[in-house]
Asks: 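Quick one: structure below, then a few questions.
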Amino acid sequence: MDLKSNEPFWLLKNGLTASYPSLKSNESCDVLIIGGGITGSLIAHQMVSDGYKTILIDKREICNGSTSATTSMLQYEIDVPLFELIEKIGEKGAVESYKACSNAIDVLEKLSKQIRSGSGFKRKKSLYFAAKKKDVDWLKKEYKARKDAGFDVKWLEPDRIVKEFGFENTFGGILSKQGASIDAFKFAHELLDHNVKKGLKIFDKTEMKKVEYHRGFNLITVESGFQIKAKKIIYCIGYESKNLIKENFVDLKSTYAVVSEIDVDKFKNISSTLVWNTADPYLYMRTTDDGRLLIGGGDEDFYDAEKRDFLLHKKEKEILKNLKKIKPDYHFYTDFVWAGTFGETKDGLPYIGTHKKFKNSYFVLGFGGNGITFSVTGMDMASKFMKNKKHPLSGYFRFGR
């Protein structure tokens with residue numbers, strides 16, 4: 001198969017998984033979720049489980065935004081190293097944020113089993129290696145911070161990395177026991193289907209145009225003119241929140257990914273390991289459940305989709321050149337190339353909570369490499385918010401922090 005596409009691999013692999021109607025009448029609900037990606041599907045599951053009458057809308061087809069472009073690496077590690085995060089927000093908040101991401105992987109495993117998912121959830125270790133010699137000192141500092149916080153980690157010297165994973169020209173790294181991978185596109189669809197059977201209503205190609213705030217409810221008007229009366233709105237719109245919220249709280253980045261042809265034997269030594277490094281921007285890779293190697297990187301500031309996509313060929317060459325440094329004898333046969341956009345915050349943390357300009361509303365915005373695990377944490381947080389209860393991470397994930 002010799003196909004290169006700017007369409008994400010997951011979208012092509014899974015095809016048209018489900019089809020939902022657009023909104024064609026006025027509706028009312030306890031909770032309106034805006035955004036039908038992996039975050040929206042998780043929050044919808046929580047709201048339905050908590051007994052709320054729930055509606056979900058998306059301006060596109062379901063899961064056709066960032067969820068179709070994600071690499072679906074499930075890590076407890078946040079883009080900002082633990083020792084740096086401790087310096088930024090204090091030990092308690094930093095460690096608890098890391099532990100929340102770790103617990104999220106366990107929750108996803110249970111949820112995957114509960115709905116009998118076919119999305120290929122697989123437990124994996126995580127290798128974080130030094131791309132340059134100068135990175136070793138701070139990476140060992142990071143290793144100590146994680147060890148002190150109780151994470152199951154080992155330090156591997158370069159020769160051990162060669163022996164176990166076949167990666168040359170590294171300078172040592174951290175091997176973590178906790179990690180996993182999944183097909184988030186398929187999982188989100190499965191989760192939504194599971195909850196539709198329990199009463200969730202979904203409308204795609206339904207774009208919110210206006211919100212009127214009233215005492216105890218909001219009135220949402222969509223592009224077609226129909227309205228939804230909702231006691232609460234939960235925005236799960238990822239980086240597109242930048243179009244809604246005017247202050248500069250997140251930077252947009254373009255990221256690129258390539259997927260190889262199927263070759264189970266060639267990639268078996270890292271089939272149970274997530275891999276990433278200390279380069280800036282960092283290289284990251286994982287195998288897929290059908291025996292391909294998925295590699296991402298080449299991140300840079302996002303300006304517009306046209307410019308992002310124009311760089312596809314250049315970024316493919318750049319990513320494979322970086323792969324060649326650690327696997328000199330590797331011949332990578334590309335099947336798919338695509339680009340995506342994500343948000344990056346200064347502390348690597350999400351924004352989950354209320355915003356003073358949006359009444360009767362919550363935001364669950366998981367950014368960076370932990371968008372999925374942050375969204376799982378958002379399930380518990382949103383559940384507590386709806387019951388007027390506090391969550392220990394609210395202060396660290398709030399707007400205006």
Asks: Without hydrogens or angle criteria, can the side chains of Asn322 and Glu318 be said to hold a donor-acceptor pair below 3.5 Å?
Replies: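 There is no such pair between these side chains.
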Asks: Once rounded to the nearest 0.5 Å, what's the spacing between atom CD1 of Ile34 and atom CD1 of Ile55?
Replies: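 Here the interatomic distance stands at 11.0 Å.
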Asks: On the 0 to 90° scale, with breaks at 30° and 60°, tag the Phe217-His214 ring pair as parallel, tilted or perpendicular.
Replies: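 If you compare the ring of Phe217 with that of His214, the planes turn out parallel.
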Asks: Step through it carefully: locate the ring centre of Tyr351, locate the ring centre of Phe249, and say whether they are under 6.0 Å apart.
Replies: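 For Tyr351 and Phe249, the ring centres are under 6.0 Å apart.
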Asks: I'd like to check Glu212 versus Asn218 (side-chain heavy atoms, cut-off strictly below 4.5 Å). Are they in contact?
Replies: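 In short, these two side chains do not touch, never coming nearer than 4.5 Å.
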Asks: Classify the side-chain pair Thr221/Gln227 by whether it contains a donor and acceptor separated by less than 3.5 Å.
Replies: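 Gln227 and Thr221 do have a side-chain donor-acceptor pair below 3.5 Å.
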Asks: Does a side-chain N-to-carboxylate-O contact under 4.0 Å join Glu240 and Lys59?
Replies: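 Yes, Glu240 and Lys59 are salt-bridged.
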Asks: For Lys24, I'd like to know if atom NZ has over 12 heavy atoms of other residues, nucleotides or ligands within 6.0 Å.
Replies: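 Yes - once you tally the heavy atoms of other residues, nucleotides and ligands closer than 6.0 Å, there are more than 12.
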Asks: I'd like to know if the side chain of Lys124 pairs up with that of Thr287 as donor and acceptor (distance under 3.5 Å, no hydrogens or angles considered).
Replies: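 Yes, Thr287 and Lys124 have a side-chain donor paired with an acceptor closer than 3.5 Å.
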Asks: What's the separation between atom CG in Leu323 and atom CG in Leu293, rounded to the nearest 0.5 Å?
Replies: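 So the gap between those two atoms works out to 6.5 Å.
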Asks: For atom NZ of Lys357, is the number of surrounding heavy atoms from other residues, nucleotides or ligands below 6.0 Å larger than 12?
Replies: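 Atom NZ in Lys357 is not crowded, with 12 or fewer foreign heavy atoms closer than 6.0 Å.
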Asks: If the plane angle is over 60° it's perpendicular, under 30° parallel, otherwise tilted; pick one for Trp276 and Tyr128.
Replies: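 If you compare the ring of Trp276 with that of Tyr128, the planes turn out parallel.
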Asks: Between atom CD1 of Ile174 and atom OG1 of Thr278, what is the distance when rounded to the nearest 0.5 Å?
Replies: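 So the CD1 of Ile174 and the OG1 of Thr278 are separated by 10.0 Å.
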Asks: Verify whether the ring centers belonging to His331 and Tyr333 lie closer than 6.0 Å.
Replies: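 Ring centroids of His331 and Tyr333 are less than 6.0 Å from each other.
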Asks: We want to know whether Glu316 and Thr334 form a side-chain donor-acceptor pair, criterion being a heavy-atom distance below 3.5 angstrom.
Replies: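 Side chains of Glu316 and Thr334: pair found under 3.5 Å.
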Asks: In Å, rounded to the nearest 0.5 Å, how long is the span from CZ of Phe185 to OG of Ser68?
Replies: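 The distance works out to 6.5 Å.
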Asks: Side chains of Tyr76 and Arg146 only: does a donor on one sit below 3.5 Å from an acceptor on the other?
Replies: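 Yes, because at least one side-chain N or O of Tyr76 sits under 3.5 Å from a partner of the opposite role on Arg146.
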Asks: Looking at Asn64 and Arg60, would you say the former's side chain and the latter's main chain have a donor-acceptor pair under 3.5 Å?
Replies: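 Looks like no, no N/O pair under 3.5 Å.
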Asks: Got a second to check how far Ile262's CD1 is from Thr288's OG1, nearest 0.5 Å?
Replies: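 Between Ile262 CD1 and Thr288 OG1, I get 7.0 Å after rounding to 0.5 Å.
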Asks: Only one of Glu109, Glu190, His194 clears side chain to side chain contact (heavy atoms under 4.5 Å, CB included) with Ser117; which?
Replies: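 Going through Glu109, Glu190, His194 one by one, the side chain to side chain contact (heavy atoms under 4.5 Å, CB included) with Ser117 is satisfied by Glu190 alone.
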Asks: Donor-acceptor check, side chain of Glu223 to backbone of Met208, threshold 3.5 angstrom: yes or no?
Replies: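 No; zero donor-acceptor contacts below 3.5 Å.
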Asks: Could you tell me if Ser126 and Ser176 have a donor-acceptor pair between their side chains, going purely by distance under 3.5 Å?
Replies: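 No, because no side-chain N or O of Ser176 sits under 3.5 Å from a partner of the opposite role on Ser126.
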Asks: Within a radius of less than 6.0 Å around NZ of Lys125, do more than 12 heavy atoms belonging to other residues, nucleotides or ligands occur?
Replies: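 No - once you tally the heavy atoms of other residues, nucleotides and ligands closer than 6.0 Å, there are 12 at most.
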Asks: Going by atom types alone, do Glu247 and His355 pair a side-chain donor with an acceptor below 3.5 Å?
Replies: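 Judged by distance alone, the side chains do pair up.
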Asks: Mind running salt bridge (Lys or Arg N to Asp or Glu O under 4.0 Å) on Asp301 and Arg308 for me, showing each step along the way?
Replies: CA-CA 9 Å; Asp301 293 339; Arg308 178 197 65 195; over 6 Å; no
Asks: Between Ser22 and Asp204, is there a donor-acceptor pair closer than 3.5 Å when you use the side chain of the first and the backbone of the second?
Replies: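 Not a single qualifying donor-acceptor pair exists.
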Asks: Measure the NZ-CG distance between Lys92 and Leu393 for me, rounded to the nearest 0.5 Å.
Replies: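 So the NZ of Lys92 and the CG of Leu393 are separated by 9.5 Å.
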Asks: With no hydrogens and no angle check, just 3.5 Å: does a side-chain donor-acceptor pair link Gln75 and Thr373?
Replies: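 The criterion, which ignores hydrogens and geometry beyond distance, is not satisfied for Thr373 and Gln75.
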Asks: Given Asp152 and Lys147, is the salt bridge (Lys or Arg N to Asp or Glu O under 4.0 Å) satisfied, shown in steps?
Replies: CA-CA 7 Å; Asp152 191 343; Lys147 190 107 176 148; over 6 Å; no
Asks: Go through the side-chain N and O atoms of Thr255 and Tyr284 and say whether any donor and acceptor fall under 3.5 Å apart.
Replies: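 The answer is yes; a qualifying pair exists.
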Asks: Between Glu164 and Lys154, is the closest basic N to carboxylate O distance under 4.0 Å?
Replies: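 Salt bridge: no.
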Asks: Which atom pair, heavy atoms only, marks the closest approach of Ile182 to Leu74?
Replies: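 Scanning both residues completely, I find the closest heavy atoms to be CG2-CD1, 4.0 Å.
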Asks: Does this structure show an ion pair linking Asp106 with Arg123, if we count only N-O contacts that are shorter than 4.0 Å?
Replies: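 Looking at Arg123 together with Asp106, the answer is yes, because their closest N to O distance falls below 4.0 Å.
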Asks: If we only count heavy atoms from C-beta on, is the Arg286 to Ser72 side-chain gap below 4.5 Å?
Replies: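 Yes - at least one pair of side-chain heavy atoms lies under 4.5 Å apart.
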Asks: Does the ring center of Phe363 lie less than 6.0 Å from the ring center of Phe399?
Replies: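 Judged by ring-centre distance (under 6.0 Å), Phe363 and Phe399 do meet the cut-off.
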